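To keep things clear, I will list the structure first and then write my remarks on it.
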Amino acid sequence: MTQLTRLRDEMRQRGLDALWVSRPANVRYLTGFTSPADGKVLVTQERATLYTDARYTVQAAEESALPQFIARPPATYEHAAADVGRGVVGFEADHLTVAGLEELEAAWPDATLKAAPGLVEELRSCKDDREIEAIRAAQALADRVYAEVRPMIRAGLREADIALEIEQRLRRAGATNAFDVIVASGPRGAMPHGTASDRVMQDGELVTIDMGACLNGYNSDMTRTVAIGTPTDEMRRVYGAVLEAEEAAVQAVKPGARAADLDALARGILERHGLAEAFAHSLGHGVGLMVHEAPGLRGTSEDVLKPGMLVTIEPGAYLPGVGGVRIEDLVLVTEDGYEVLSQAVKETV
Ligand SMILES: CSCC[C@H](N)C(=O)N1CCC[C@H]1C(=O)O
């Protein structure tokens, strides 16, 4: 079943005659258009039209098989009005701004606009073979770059030197950073989003590297924590606890597993090590056209894992003023279990 066919089924079930798609990752998913921030899609049961402007006339025609209408609002909305008519039109309430909604209401006075959050995101959460191969390739590149850069993580270099090496190598290979590289050394390891700073790394420290490649629009995401020299007994103990939680959660990945249960499994292990408070975020998230997408692996999630989902498993422990550890793998949910896509070595510290 194609993406549009699946989407139309969902729209029927929700009583939508049309869907106005504004979130860039969703626009890209449905159209293949690689500048989706400047595109929108109107999907009905009969038609799907990509709307973009004249800067993209050639590009959109090259990239998308969908019919295109090149214009800017209000001409965009005037054209779409013919398909919208008096129907019920879903909009992406978790993306469209209030001003954007007001524009649609003014342009389509006869239509009924209805919040339809998460419709395309739900479809995107299960990847097809082409998408899985794209993410596999992004992760393989990230693994290779990590292996090349790992020997450079030593006392006397700045965190930023490591991030720069990673970014340059990804770019030479035709990719970009999926997000600003996190290089958090020593006490900065207590910052889960500690993007690389000018701090000079020192002997006896742990260093957390969280990196991803974005290749052909698809992302990877992986974290390793490594030691420079010999870290303190306390940090070695924390590392062991995080590794235990990470491996247990990975091994529990399978179709039917509840995301909330996976989070609780990892959290329970860290709690037994006295690190419940130190695990300051959720266990993981889906990865695809966006670095963070469905499913959410957190305590409040109602998501259940299905084959084709690609998720991170990334428990961490953060001790303010002391340091931190995070270990993250990118894991594919298979028909009968899981496959770990991230292959970078996990070191003993
Ligand atoms: C800014 S993107 C961060 C990527 C990273 N692997 C990640 O997803 N996380 C690091 C801390 C927890 C988790 C998050 O929820 O941001």
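Every number for a ligand or one of its atoms is a count from 1 in the order of the listing. Since we're looking at a predicted model, the values are computed, not measured. For reference, positions follow the sequence shown, starting with 1.
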- [ ] Using side chain to side chain contact (heavy atoms under 4.5 Å, CB included) as the criterion, point out the one residue from I269, D263, T223, L270 that pairs with P315.
- [x] L270

Open item on the list: Give the atom numbers and elements of ligand 1 that come within less than 4.0 Å of a heavy atom of H281.
Closed with: 11 (C), 12 (C)

Open item on the list: Within the 4.5 Å heavy-atom criterion, are D329 and K346 side-chain neighbours or not?
Closed with: yes

- [ ] Heavy-atom contacts with H285 under 4.0 Å: which atoms of ligand 1 show up? List them by number with element.
- [x] 7 (C), 8 (O)

Open item on the list: Is it true that T52 and Q68 share a donor-acceptor pair across their side chains at a distance under 3.5 Å?
Closed with: no

Task: Set of side-chain contact (heavy atoms from CB on, under 4.5 Å) partners for A160, sequence neighbours left out - done: R158, D198

TODO: Give the residue, atom name and distance (to 0.1 Å) of the protein heavy atom nearest atom 2 (S) of ligand 1.
DONE: F179 CG, 3.7 Å

Task: Atoms of ligand 1, numbered as shown, that sit under 4.0 Å from any heavy atom of H292 - done: 7 (C), 8 (O), 14 (C), 15 (O), 16 (O)

Task: For atom 16 (O) of ligand 1, the protein heavy atom that lies nearest, with its residue and separation - done: H193 NE2, 2.6 Å

TODO: Compute whether any side-chain donor of one residue and acceptor of the other, for H285 and D221, lie under 3.5 angstrom apart.
DONE: yes

TODO: Starting from Y318, walk the hydrophobic network (Ile, Leu, Val, Met, Phe, Trp, Tyr; side-chain heavy atoms closer than 4.5 Å) and list everyone else you reach, by chain and number.
DONE: none

TODO: Go through the side-chain N and O atoms of Q343 and D143 and say whether any donor and acceptor fall under 3.5 Å apart.
DONE: no

- [ ] May I ask you to list the atoms of ligand 1 that are less than 4.0 angstrom from any heavy atom of D221?
- [x] 4 (C), 5 (C), 6 (N), 8 (O)

TODO: Check ligand 1 against E328 and write out every atom of the ligand that is under 4.0 Å from a heavy-atom position of the residue.
DONE: 6 (N)

- [ ] Provide, to 0.1 Å, the distance between atom 9 (N) of ligand 1 and the closest protein heavy atom, together with that atom's residue and name.
- [x] E314 OE1, 3.2 Å

Task: Heavy-atom nearest neighbour in the protein, as seen from atom 5 (C) of ligand 1, with distance rounded to 0.1 Å - done: D210 OD2, 2.9 Å

Task: Atom indices of ligand 1, in the order listed, that fall short of 4.0 Å to a heavy atom of R326 - done: 10 (C), 11 (C)

